Amino acid sequence: MSQLKYALYTGCTARESTPELLSSTLAVAKKLGIEIVLLDEASCCGASHLQDFDEFLSLVLNARNICYAEKLGLPMITICNTCQLNTVMTKERLDNDPEMKAKVNEKLAEVGLEYKGTSSVRHFLYALIDDYGLENIKEKVEVPLSHFNIAPFYGCHNLRPSHIHYKHNTPLAPDSEIGEGGGESSIQEVELMEKYTHESPYTPTSLDSLIEALEGKSVDYESKNKCCGFHVDLQAPETSNALSGTALLDAIDNNADLMVTPCPLCQLNMDLKQESAGKQLGRDIELPVLHMPQMVALALGCSKEEIGLKFNVTKATDLM
Amino acid sequence: MSKKTVTIKAFRFNAETDYLPYYKKYEMEVGKDELILDLLNRIKWEHDGSFSYRRSCRHGICGACGIKVNGKATLACKQNAMDLVELFGDELVFEPQSQKRAVKDMIIDKGDFWEKHAAVKPFVEADVDPHPTSETIMSKEQVENFLDADYCIQCGACHYACPVIEVNEDYLGPAAFAAAYRFTVDPRDDAGKERLETTAELGSGVWDCVKCFECAEACPKDVNPIEKITKLHNMQFEQGVAKRNVATKHAEGFVRSIKKFGYLDEQDIVLYSEGLGVVKHLSEAFKMIKAGKVHPFDIAKKKMPRSKNLDEIQKLIEISQKNEL
Ligand code: SF4
Ligand code: SF4
Ligand code: SF4
Ligand code: FES
């Protein structure tokens, strides 16, 4: 395999309240010999809220982030579902709306940048599975997760809307094809099954197969592709608690020992709010919730510091 | 392989006679061109004449035939059955869009959907000349601005796929919002401000959307309701309808934070959005401090990470920001 190299867009969460996400991601990359360049110039993606306030500003800032990956000539990877979706929604828009692209580039020119559309943008989960390969990961497992029932929690923004993800979260396209996306117009042009072949939002498999590759037992439960409610946590905590609590209890009732998710916002919501969700739903909830790279780092035998289980709010240190 | 044996597990319930719903299995050979509606018909015609479902146009226009297949929102007359066999395997589970609203088998009481739809004035409100001498012509741009929201057939697929509808009975839902957008951008209409005010309410309006994109995935007409929800959010600010509250401050607060650090200041945004209401987050804040996720002194010392080339970000905000709160 040729050396894999990516520009990593960390997002804010990995630099602030979930430092364990960044350290475990870097540890996994190091173990697997994947080269990572941090995009330190990048700004916040707006976490799907900035675009509600000012859509154009959100496009400009997200385009700027992609510019820095393009300047390095590297594919960009993300470690948060919401970052992933915000970034690819920007990419879709600009790659398919020349007028908007021109407007955004007019602003970017003021700071000496230009958005071209030459870097692909994918979640680390899919880079691991599609570029590095599950077979190769299997070979690197030092601490099999065989004594754990692991509930995969996929997180909305890696699954829906499929008409966007099927083009971006897929195996690395040859350079020649990048930048020729079909735009949101493709929502009407693509056959259902074509959108669902790589990852179906109704029957997702990526996280399950990663768990199995690490020799864990993946838990099948209905809530795995549902929403955790994070994005209304401030204005509607009851909604958020109802959704996260239901998913956690569903995992617990299906004998999960822990939950794993590729989205740090899901992770925060599901990990931090177990007590209030439990109170609202009238049942005790206690389930460790790991970031996807934390789980991989565990199986690859990374160090305690790198995995950072002490940062998880619901006690997870016993997993080591 | 042109035919396949498929087992259909259908939800059966008669609100007048049954205490609980149950499932009944039907086995049939399914051909590659059959639609889900054909299978519904075959259950009724070949197995059990009492099996009930709604359908009328068979052309994806009346919006009557929405059901769920293995949990996926499906417009029966538009959906090829083999595609779903490929997706879910050879047992297909037919259920009504909402089990708790079931009246008979696939038929539900859609009353809440219609009530909420009506709440956004889903019609053009205008003083029109009853005897016009010329047509009202829309420009190409004006028509494109509908973003296909006018394709909605009120099938309810998005509404009953939306998780917020299930947990917050005031929430108007994706179809109502798509309609609110569609009529508000109609150049003939005068009720836009009122619709924006209705959809700006906390509890029932767009700020209670969890952004799960279930509606975008569910819609058989590709209306993409969440896209319209984002537009409505922006229009609230553009047209001065947005009131200062925890949700609008949260959205606007991102700009404040990004200007200072490039990153989001996760503690400050909660403080800023909630104001005094921040006390309700204290128990979680304490948990985060205990896990070492945040350091109590950071708040005072502002040990925030900063993006490199922050000046670029500040400049871009200065020249690109369009909306204010
Ligand atoms: S935090 Fe919740 S709403 Fe956001 S991407 Fe994750 S699952 Fe979806
Ligand atoms: S994105 Fe919003 S409106 Fe659409 S289904 Fe999710 S919560 Fe409902
Ligand atoms: S927006 Fe789409 S899914 Fe929702 S009611 Fe209209 S046609 Fe049906
Ligand atoms: S029967 Fe009219 S939409 Fe299906």
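Bear in mind the structure is a predicted one, so any value in this text is a computation, not a measurement. Here is how names work: the chains are called A, B, and so on, in the same order as the sequence lines, proteins then strands, and each is numbered from 1.
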inquiry  = Using heavy-atom distances under 4.5 Å, tell me whether B:Glu214 contacts chain A through its side chain, its backbone, both, or neither.
reply    = both
message = Atom CD of residue position B:Glu169 - does it have more than 12 heavy atoms of other residues, nucleotides or ligands inside 6.0 Å?
response = no
request  = Output the distance between atom CE (A:Met89) and atom OG1 (B:Thr230), rounded to the nearest 0.5 Å.
outcome  = 6.0 Å
request  = Against chain B, work out which of A:Asp271, A:Leu61, A:Asn312, A:Leu272 has the most heavy-atom pairs shorter than 4.5 Å and name it.
outcome  = A:Leu272
ask   = Between B:Phe88 and chain A, which part of the residue has a heavy atom less than 4.5 Å away: side chain, backbone, both or neither?
value = side chain
ask   = Tell me, side chain or backbone of B:Glu274 under 4.5 Å from chain A's heavy atoms, or both, or neither?
value = side chain
key: Residue part contacting chain B, namely of A:Leu234, when any heavy atom lies under 4.5 Å   = both
task = Could you look at A:Ser17 and say if it's the side chain, the backbone, both or neither that has a heavy atom under 4.5 Å from chain B?
result = both
request  = Answer yes or no: are there more than 12 heavy-atom neighbours, outside A:Glu275 itself, under 6.0 Å from its atom CD?
outcome  = no
Proximal component of A:Ala42, with respect to chain B [non-hydrogen, under 4.5 Å] = backbone
Flag side-chain contact, heavy atom, 4.5 Å: A:Asp52 against B:Lys211 = yes
query = Can you say whether B:Leu87 sits under 4.5 Å from chain A via the side chain, the backbone, both, or neither, judging by heavy atoms?
reply = both
message = Counting only heavy atoms not in A:Glu114 (residues, nucleotides, ligands), do more than 12 fall under 6.0 Å from its CD?
response = yes
inquiry  = With a 4.5 Å cut-off on side-chain heavy atoms, are A:His163 and B:Asn224 touching?
reply    = yes
query = Under the side-chain contact (heavy atoms from CB on, under 4.5 Å) criterion, do B:Lys72 and A:Leu192 qualify, and how do the steps go?
reply = CA-CA 12 Å; B:Lys72 179 190 184 311; A:Leu192 186 73; 4.2 Å; yes
note = Closest non-hydrogen contact found for A:Asp54 with B:Asn323 is OD2-N, 2.9 Å
task = Please look at A:Lys107 and chain B and tell me whether the side chain, the backbone, both or neither of the residue comes under 4.5 angstrom of a heavy atom of that chain.
result = both
note = Ranked by heavy-atom pairs below 4.5 Å to chain B, first place among A:Glu222, A:Arg64, A:Lys273 goes to A:Arg64
message = Counting only non-hydrogen atoms closer than 4.5 Å, does B:Lys315 touch chain A with its backbone (N, CA, C, O), its side chain (CB onward), both, or neither?
response = side chain
key: For chain A, which residues of residues 241-249 of chain B have heavy atoms nearer than 4.5 angstrom   = B:Val246, B:Ala247
task = Would you name the heavy atoms of B:Ile317 and A:Leu57 that are closest together and state the gap between them?
result = CA-CD1, 3.8 Å
task = Side-chain contact test, heavy atoms from C-beta onward, threshold under 4.5 Å: evaluate it for B:Met304 versus A:Arg15 and give yes or no.
result = no
ask   = Under a 4.5 Å heavy-atom cutoff, which of B:Gln321, B:Glu252, B:Glu217 has the most pairs with chain A?
value = B:Glu217
query = A:Thr13 and B:Glu266: which non-hydrogen atoms are nearest, and at how many Å?
reply = CA-OE2, 3.2 Å
request  = Could you tell me whether the side chain of A:Glu41 reaches within less than 4.5 Å of the side chain of B:Glu312, counting heavy atoms only?
outcome  = no
inquiry  = To the closest 0.5 Å, what do you measure between SG (A:Cys12) and CZ (B:Phe261)?
reply    = 11.0 Å
Separation of B:Ile269 CD1 from A:Cys44 SG (nearest 0.5 Å) = 8.0 Å
message = Return the CD1 to SG distance between B:Ile258 and A:Cys45, rounded to the nearest 0.5 Å.
response = 8.0 Å
task = Go through the atoms of A:Thr18 and report whether side chain, backbone, both or neither lie under 4.5 Å from a heavy atom of chain B.
result = both
request  = Could you tell me which of B:Asp83, B:Asn234, B:Leu202, B:Asn309 has the largest number of non-hydrogen atom pairs under 4.5 Å with chain A?
outcome  = B:Asn234
request  = Would you mind checking which part of A:Glu106 comes under 4.5 Å of any heavy atom in chain B, side chain (CB onward), backbone (N, CA, C, O), both or neither?
outcome  = neither
ask   = Quick one: does B:Leu264's side chain get under 4.5 Å of A:His49's, heavy atoms only?
value = no
key: Atom group of A:Pro201 that falls short of 4.5 Å from chain B, counting heavy atoms   = side chain
ask   = Taking all atoms of both residues into account, what is the closest heavy-atom pair of A:Cys227 and B:Cys212, and its distance?
value = CB-CB, 3.7 Å
ask   = Checking A:Gln235 side chain against B:Trp207 main chain: does a donor-acceptor pair fall under 3.5 Å?
value = yes
key: Sub-4.5 Å side-chain heavy-atom contact between A:Val232 and B:Val164   = no
task = Identify which part of A:Ser162 has an atom lying under 4.5 Å from any heavy atom of chain B, answering side chain, backbone, both or neither.
result = both
query = Quick one: of A:Thr203, A:Asp233, A:Asn225, A:Thr246, who has the most non-hydrogen atom pairs under 4.5 Å with chain B?
reply = A:Thr203
inquiry  = Tell me if the CD atom of A:Glu286 is crowded by more than 12 foreign heavy atoms within 6.0 Å.
reply    = no
query = Any sub-3.5 Å donor-acceptor pair from B:Lys293's side-chain atoms to A:Phe311's backbone N or O?
reply = yes
ask   = Is it the backbone or the side chain of B:Cys209 that comes under 4.5 Å from a heavy atom of chain A, or both, or neither?
value = backbone
inquiry  = Could you tell me if the side chain of B:Met288 sits less than 4.5 Å from the side chain of A:Leu268, heavy atoms only?
reply    = yes
task = Check each atom of B:Ser273 against the heavy atoms of chain A and say whether the ones under 4.5 Å are side chain, backbone, both or neither.
result = side chain
message = Any carboxylate oxygen within less than 4.0 angstrom of a Lys/Arg side-chain nitrogen, looking at A:Glu55 and B:Lys322?
response = no
key: Selection from B:Val255, B:Ile229, B:Leu84, B:Asp311 maximising heavy-atom pairs under 4.5 Å formed with chain A   = B:Val255
message = Less than 4.5 Å apart, side chain to side chain, heavy atoms only: is that true for A:Leu85 and B:Phe213?
response = yes
query = Of the listed residues (B:Ser320, B:Ala251, B:Ser257), which shares the most heavy-atom pairs with chain A below a 4.5 Å separation?
reply = B:Ser320
